[in-house]
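Counting convention: from 1, in listed order, for ligands and their atoms alike. Values below: every heavy atom of this structure, side chains too, minus hydrogens, waters and symmetry copies.
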Amino acid sequence: MPENSKKILIVEDEPSLVFTLKDTLEAENYEVVVVSDGNDVLDAVKSTEPDLMILDLMLPNRNGYEICEEIRRLKYTFPIIMLTARDQEIDKVTGLNIGADDYITKPFGVKELLARITARLRRANAYSKSGPVEILKLGKVKIDLNESRVYKPDDSVEELSTREVEIIEYLLSNANQPISRDDLLEKVWRYEYSTNTRTVDVHISKLRAKVEINPDDPRYLVTLHGVGYMLKIN
Ligand code: CA
């Protein structure tokens, strides 16, 4: 195994899919660990310290939501890509709200999954601890894009998901300009065809609750009716 290979933890109970995933990922030089029982996931996370996790939603003993939520509660920040059955739009929103970074709907193409894994790992890597410190100040709120944390003036701290950091980065690179929901879908949700503008709204709303002092009267992450959103900075 090459020293620089990334570890991927596959949590999936369907043997044929596990076989395909393991085979494909190992062919791409990833180190693969497989768990098929919901109850075994946390032990595997602790012993493996994966760089990324592929997490099926429906598993024996515990479901993917519970697992995802617990992993985030324990402050593990590696990207989580959830696997879900077709037509589970509501489940997607729930999953993203509890800390999954990405979604892929079964049945999916191996190339698409590989593209998303590469994108997630590249993103996680760009924001590793060794990267340059980048602090964005929105009034009295400080956003540390390296640590994915928001520091509020009342001393509370909010954690940002990988996706939320990407949204901020994209808005920041186009600060003080109107950005449409379609722009966000294209630039932030790159490879995903199953998302829609509601996905964007859900994320913006959650992000706003984290970065605005008064989310109902936002000063920085503003809505432009009929247009989209804008990050207002000085
Ligand atoms: Ca399953």
**Asked** Is the closest basic N to carboxylate O distance between Glu70 and Arg62 below 4.0 Å?
**Response** yes
**Set of ring pair (Phe, Tyr, Trp, His ring centres under 6.0 Å) partners for Phe78, sequence neighbours left out** = Tyr76
**Summary of side chain to side chain donor-acceptor pair (under 3.5 Å) pairs that have at least one residue in residues 48-61, sequence neighbours excluded** = Asp37-Asn61, Asp56-Lys106
**Lys142/Glu147 ion pair, N-O < 4.0 Å** = no
**Request:** Tell me the protein N, O or S atoms under 3.0 Å from the Ca ion (ligand 1), in chain and number order.
**Result:** Asp13 OD1, Asp56 OD2, Met58 O
**Asked** Rest of the hydrophobic cluster containing Leu224 (Ile/Leu/Val/Met/Phe/Trp/Tyr, side-chain heavy atoms under 4.5 Å)?
**Response** Val222, Val227, Met230
**Asked** Do Asp183 and Tyr229 get their side chains close enough for a donor-acceptor pair, meaning under 3.5 Å?
**Response** no
